[in-house]
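One structure below.
As the structure lists them, so they are numbered: ligands from 1, and atoms in each ligand from 1. All values below come from the heavy atoms of this structure, side chains included, with hydrogens, waters and symmetry mates left out.
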Amino acid sequence: MSDNVKVAVRVRPFNRREKDRNAQLCIEMKGAQTIIRGDAGEKKFTFDYSYWSHDGFEEREDGLLVPTSPKYADQQRVFEDLGQLVLENAWEGYNCSLFAYGQTGSGKSYSMVGYGVNRGIVPISCEDLFRRMQEQADNPMMRFKVSFSMLEIYNEQVRDLLTTKNKQGGLSVREDPSQGRFVVRDLKNAKVESYRDIEHQIEIGTRNRTVASTNMNSTSSRAHTIICITFEKITKDPDSGQEMSKRSEINLVDLAGSERADSTGATGERLKEGSNINKSLSTLGNVIAALAENRKGAHIPYRDSVLTKLLKNALGGNSKTIMIAALSPASINYDETLSTLRYADRAKQIKNKAVVNESPTEKLIRELKEQVEALKAQLGGNIPAAPGGDGAASVDVEALRRQMEEEIRYMEALSKEMAFQEDRETGSREEADAQHAELEAAKRKQATVCHFINLNEDPALDRVIRHFVEGDTVMVGKWSENQNEAEKPDVVLSGLSIRKHHAKVLQADGKITIEPGSAVAETKVNGVKIDKPTDLRHNDRVLFGTNNLFLFINPQHPEPSEGTPETVDYDFAQSELARASGFDMDGKDPDEQQRIEALLEMLPMIAEVNAISDEMQKAINFEVALVSSQLLDTTGLSRTHTTSTQVMIKGKERETGNEWLLDRGEFVERRFRMQEIYQEWSYDPDQEAPQFGPAVDATDPFYLEHATFVVGVSAVFVKHLAHALDFDGEYDIIDYQAQPQGKVEVSFTPCMADGAPLADDFDLEDPSDLIGQAYYIKVGMGWGCGCAVNESFFDSSPGFPCSSLARPIMYRWMSGRPRSCRPNSQTH
Ligand SMILES: Nc1ncnc2c1ncn2[C@@H]1O[C@H](COP(=O)(O)OP(=O)(O)OP(=O)(O)O)[C@@H](O)[C@H]1O
């Protein structure tokens, strides 16, 4: 029987930023109905479950959010509907999948894993699963097997989160035809025997995710996390003694943020193609759309991405599937939220065919395997030869051999089919134990020993890693497995701009100081770069290199430095860094708030990209450029209509001084591709650094030659055209900071549609005669000064309609060293 995918939506409370910007609520829920309101009116959707978690709750002292109104759906309620459903199905032997979809920060992780005491569906379900198993502890006819794996898909590569030793390029995904599904080769699958075991595995996985994300700076919202719990229930028939096994694979999927490319402001087809920002997510959309259409024989593009390969069963296959769509309540996110609702609406149409995975158990497989081994051994030369060794007897032996080979093949296939009954634990137990011991030791020490704790913009990865300050001297630096163990620093960091001897932390007489390891090793304390031993106090922020941001915790002396607020978080640390770089972070009105948010987002990315550029010897640096919105509005390039300053990014070629201005979208895309090439390159530490060197072509994200940006605008009064008079003149080009950047000579000549001069007898008595008529003008560019006029955005047709006059004049601009004025007459 086929089952539709069950869909739930959940709306979270306003977050701090939304409150600061006086966000308006755009979601309403009535029963199972969800309504979204925007400028274009309201749209209604109906789902299996609509969870209102926006208001109607209070926070208890321990942080638990408890309902004050029956409307509020807390974590327990969501678990009771969705988690219980998963458990019931798993118990019966069905595969189950639960996946969370929504834009970054909409509440996916909150629903799936939860934060602190507000535990999400995954931990509560796991606990409940073990509780149910415990209830059967005295039942000799029933036993269980549970195993756990956790992986991340980032940039189409699979990373095992239960180990720190992932190979370059990630794990491979192969199709297993015998099971009709895709599997990840060499993925660690840990046997778990209690809920505590699962908690540990999740902690290990989260820690490894945090380290990986720190190495490449906050990439977590672009990654998909899949937790897979394999649950096997084995029951013995009291009469025959025959064991039967029901097995369920429970996939719990926290998808990457669903922002569409255009909302990141992505520009340019070339960039979109070059960097496949989230192929998995877009393919998931295509798979859902194709399945929702439900056309017989339609091609479902599962194979187009890693995520859809792994979710093949969950979507349209052998699985009971639930999707939870996380919604932001704020009208500023209207477009994204509407797109999430549409996605969820489509997912409702998907039909799955779940079957109970039931079969006789491992005893049978074991016997089968033993038989195979015995047959193989015989085949290996022990087949008794017929006495006398005549021809007829050897034919018999050959026939016997063929028969045995056939039998082995059959039995191997059979045991493979039943392979799910094998003991599924894979991977090194030693490593798991070591990671586990480290985590436990950290928990014991954290209340008494000074330590650094990481800050991350993703709340799920925030305060996950601790490095302790034990002994008089603690060395901080880079190290890899192929280096000498004796050189290993006490605190090993990786990622950008981390040096071998990066910093030294000294402890004497209850006082802690930190000093840089060398002149090139950059460490900032409370936003300021240090160049000498500096005292560290409780809650001080310490940034090693560009990405490794920590909070220093001193449990023995919890007195913070002056000016430290009561709660110090990632946002505070970032605004402190921005302030220390000279940016004003105190805006009060919503436009300024928006600028500050943009700065807070851009500055760490710029620092990261500059570090990559340095390490790869690209000779290009990036910095923030605050650009007048008026200029962007005049040129029609502004994406958001604000009256204030916009945050853009200026790329500067060190050698020539040439500068390019990039908007956020283009910069974000380029940064992503820079991370890609850097990651590939940095995997091999022996590789020579200047493999890339200065950017030379358009495939290199550091290559800025072809980027087009607005040098400035020249205002031209075109009154003469109303009288069909030609004119020309020199005009100032004014840049985004209202500074003159050069001059351009432009001429305007009214003409015929084909560009030919107006007829001699053309007479225009009254300009209003032109209204409603096509009117053609030739625009000539005499010369440009202070800039090289390489390209104009005028239509290439010989004439263009009058209305096009409103279009801005744009050039590819190379500022910096002045170039000679180049007469260059271009007439259109
Ligand atoms: N139902 C809720 N009730 C209270 N707070 C919530 C709820 N949902 C989300 N939040 C809060 O909103 C913030 C963002 O949520 P969360 O981290 O779950 O988003 P996300 O969609 O997983 O983001 P990302 O894509 O970056 O992982 C968190 O601080 C979380 O505590």
| If you measure from each non-hydrogen atom of A256 to ligand 1, which part falls under 4.0 Å: side chain, backbone, both or neither? | neither
| T104: what forms a side-chain hydrogen bond (donor to acceptor under 3.5 Å, both in side chains) with it, not counting sequence neighbours? | E259
| query | Can R77 and D74 be counted as an ion pair, charged N to O under 4.0 angstrom? | reply | no
| query | Is the shortest distance from a Lys or Arg side-chain nitrogen in E127 or R196 to a carboxylate oxygen in the other one below 4.0 Å? | reply | no
| query | Can you check ring-ring contact (aromatic ring centres under 6.0 Å, His included) on F452 and F544, steps first, answer last? | reply | CA-CA 11 Å; F452 295 95; F544 298 103; 5.8 Å; yes
| request: May I ask you to check if ligand 1 and D254 share an N or O to N or O distance below 3.5 Å? | output: no
| Residue part near ligand 1, for Q103, under 4.0 Å between non-hydrogen atoms | backbone
| Looking at R10, which atoms of ligand 1 are within less than 4.0 Å of one of its heavy atoms? | 1 (N)
| task | For Y115, counting its heavy atoms only, list the atoms of ligand 1 lying under 4.0 Å from any of them. | result | 16 (P), 17 (O), 18 (O), 28 (C), 30 (C), 31 (O)
| query | Is there a nitrogen or oxygen of G105 sitting under 3.5 Å from a nitrogen or oxygen of ligand 1? | reply | yes
| Going by the atom numbers of ligand 1, which of them fall below 4.0 Å from some non-hydrogen atom of P459? | 17 (O), 28 (C), 29 (O)
| query | With ring centroids as reference points, do F14 and H54 lie under 6.0 angstrom apart? | reply | yes
| message | Side chain or backbone, does S106 bring an N or O within less than 3.5 Å of an N or O on ligand 1? | response | yes
| query | Polar-atom distance check: G107 versus ligand 1, any N or O pair below 3.5 Å? | reply | yes
| D345 and K348 ion-paired at < 4.0 Å | yes
| query | Relative to ligand 1, is S109 under 4.0 angstrom through side chain, backbone, both or neither, heavy atoms considered? | reply | both
| query | Any N or O of Y72 that comes nearer than 3.5 Å to an N or O of ligand 1? | reply | no
